[in-house]
Amino acid sequence: MLALTYPASAAELIIELDHSRTAWQTADLLKHPAAQTVQIVDDVSYKRDMTYRAVPLAALLPGLAAQSHVQAVALDGFAAELAAAPLLAQSGAQAWLAVEDPAHPWPPLANGKPSAGPFYLVWTQPQASRISPEQWPFQLASLQQLKTVAERFPALLPDPALAADDPVNQGFALFQQNCLACHRLNGAGDAQLGPDLNVPYNPTEYFGSDFLKRYIRDPQSLRHWPQAKMPAFTASVLPDTDLELLVGYLKHMATRKTDAPL
């Protein structure tokens with residue numbers, strides 16, 4: 001993407017909707033009429049309060065229907081699957097596109113790391129809609145309107161005989177929100193970061209007892225290495241009941257493996 005090779009002042013964000021395609025430049029977003037300074041409490045990526053120049057995301061998604069689906073892709077291959085309704089909300093949890101000003105660059109995410117820029121999807125009052133850490137993609141390269149995950153990747157679907165409100169289907173919804181940005185399953189998905197969660201083995205097949213739940217809660221407590229990227233899913237983000245549903249979906253999918261290549 002352009003932001004990988006061009007200086008921050010020339011960074012470009014592609015927003016592609018069914019009816020339009022716009023290439024936004026950093027300078028144009030910083031002077032957007034809806035741009036304002038926003039305070040983010042306990043920023044997910046920086047782990048502290050942050051202040052950004054940002055544009056309400058809804059202002060950049062004209063004509064997008066609430067029932068639509070959007071994929072946010074970062075420069076490193078992170079691909080967040082996002083329902084449109086929360087992105088368009090005007091109250092409660094509200095989505096903003098934070099824009100890094102080349103004249104006032106953001107701090108690095110860690111020693112030796114780049115910043116979260118040039119573009120970063122942040123939320124005010126995220127607790128109002130239980131926005132997960134996976135819904136905060138940073139180093140954002142593009143936003144694209146797509147068909148739903150179920151339509152694009154049938155290999156992710158639970159047994160169609162299950163009722164719509166079956167706990168396994170509830171777990172599938174949580175998998176899309178919390179896992180699909182980094183992981184594929186049965187070879188299906190667009191993420192490039194984490195391993196496939198069903199092929200060749202499902203984590204429910206090799207994590208004994210409740211260690212899978214402990215791993216999801218705090219990956220570094222079981223496997224610690226400096227380059228680890230998986231975030232901790234605290235109870236405030238993923239309550240125990242939701243964690244049970246998510247693991248239930250994974251257990252179910254262990255019985256529905258495909259012949260996807262490794």
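All residue numbers refer to positions in the sequence shown, counting from 1.
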Contact list for residues 59-79, test salt bridge (charged side-chain N to carboxylate O under 4.0 Å, His left out), sequence neighbours left out: none
So the salt bridge (charged side-chain N to carboxylate O under 4.0 Å, His left out) pairs with at least one residue in residues 237-250 (sequence neighbours excluded) are R130-D242, K213-E244, R217-D240
Any side-chain heavy-atom pair from T51 and I40 closer than 4.5 angstrom? no
All side chain to side chain contact (heavy atoms under 4.5 Å, CB included) counterparts of D28, not counting sequence neighbours: W24, Q25, K31
Kindly work out whether a path of hydrophobic side-chain contacts (I/L/V/M/F/W/Y, heavy atoms less than 4.5 Å apart) joins F119 to V73. no
Sequence-distant partners of Q139, side chain to side chain contact (heavy atoms under 4.5 Å, CB included), two or more places apart: L75, L109, P114
Sub-4.5 Å side-chain heavy-atom contact between V99 and P118: no
Enumerate the residue pairs fulfilling ring-ring contact (aromatic ring centres under 6.0 Å, His included) with a member in residues 87-106, sequence neighbours excluded, ordered by first and then second residue. Y52-W106
Measure the CZ-NE2 distance between F172 and H252 for me, rounded to the nearest 0.5 Å. 10.5 Å
Can you tell me how far the CD atom of Q177 sits from the CD atom of E134, to the nearest 0.5 Å? 9.5 Å
Membership question, hydrophobic clusters at under 4.5 Å side-chain separation (ILVMFWY): are L197 and V149 in the same one? yes
To the nearest 0.5 Å, atom CG of N169 lies from atom OH of Y249 at 9.5 Å
If you measure from CD on Q170 to CG on D165, what distance do you get to the nearest 0.5 Å? 6.5 Å
Salt bridge (charged side-chain N to carboxylate O under 4.0 Å, His left out): pairs with one or both residues in residues 48-58, sequence neighbours excluded: none
Residues two or more places apart in sequence or in another chain: which of them pass side chain to side chain donor-acceptor pair (under 3.5 Å) with D42? none
Consider only side-chain heavy atoms of I, L, V, M, F, W and Y, link residues closer than 4.5 Å, and tell whether F138 and L193 are in one cluster. no
Side-chain contact test, heavy atoms from C-beta onward, threshold under 4.5 Å: evaluate it for M50 versus P107 and give yes or no. yes
Parallel, tilted or perpendicular: which fits the ring planes of Y120 and Y46, with parallel below 30° and perpendicular above 60°? perpendicular
Quick check: do V122 and W136 have side-chain heavy atoms less than 4.5 Å from each other? yes
Between P102 and P105 the two heavy atoms that sit nearest each other are O-CD, 3.5 Å
Will you find, in the side chains of Y201 and D196, an N or O donor that is under 3.5 Å from an N or O acceptor? no
Heavy-atom check, side chain of L143 versus side chain of E16, under 4.5 Å: no
Same cluster for L146 and L82 if Ile/Leu/Val/Met/Phe/Trp/Tyr side chains link at under 4.5 Å? no
Looking at residues at least two apart in the chain, or sitting in another chain, which of them share a salt bridge (charged side-chain N to carboxylate O under 4.0 Å, His left out) with D190? R152
Is there side-chain contact between L246 and C179, with at least one heavy-atom pair below 4.5 Å? yes
For L250 versus N202, what's the shortest heavy-atom pair and its separation? O-ND2, 2.7 Å
Under the side chain to side chain contact (heavy atoms under 4.5 Å, CB included) test, residues paired with F211 that sit two or more places apart: F207, S209, R214, L222
With sequence neighbours left out, the residues meeting side chain to side chain donor-acceptor pair (under 3.5 Å) with S129 are none
Can you list the residues that meet the side chain to side chain contact (heavy atoms under 4.5 Å, CB included) rule with K251, with sequence neighbours excluded? T204, V247
With no hydrogens and no angle check, is any side-chain donor or acceptor of R184 less than 3.5 Å from a backbone partner on N198? no
Within one Ile-Leu-Val-Met-Phe-Trp-Tyr cluster: V38 and V41, side-chain cutoff 4.5 Å: no
Check the side chains of E100 and S115 for a donor-acceptor pair under 3.5 angstrom, ignoring hydrogens and angles. yes
CD1-CD distance between I15 and Q145, expressed to the nearest 0.5 angstrom: 12.0 Å
With rounding to the nearest 0.5 angstrom, report the OG1 to CD distance, T148 to Q176. 7.5 Å
Donor-acceptor contacts under 3.5 Å from residues 54-69 side chains, at least two apart:
unit_1: S68; atom_1: OG; unit_2: A65; atom_2: O; d: 3.1
unit_1: H69; atom_1: NE2; unit_2: E81; atom_2: OE1; d: 2.6

Least distance between heavy atoms, A188 atom then L180 atom: O-CD1, 4.3 Å
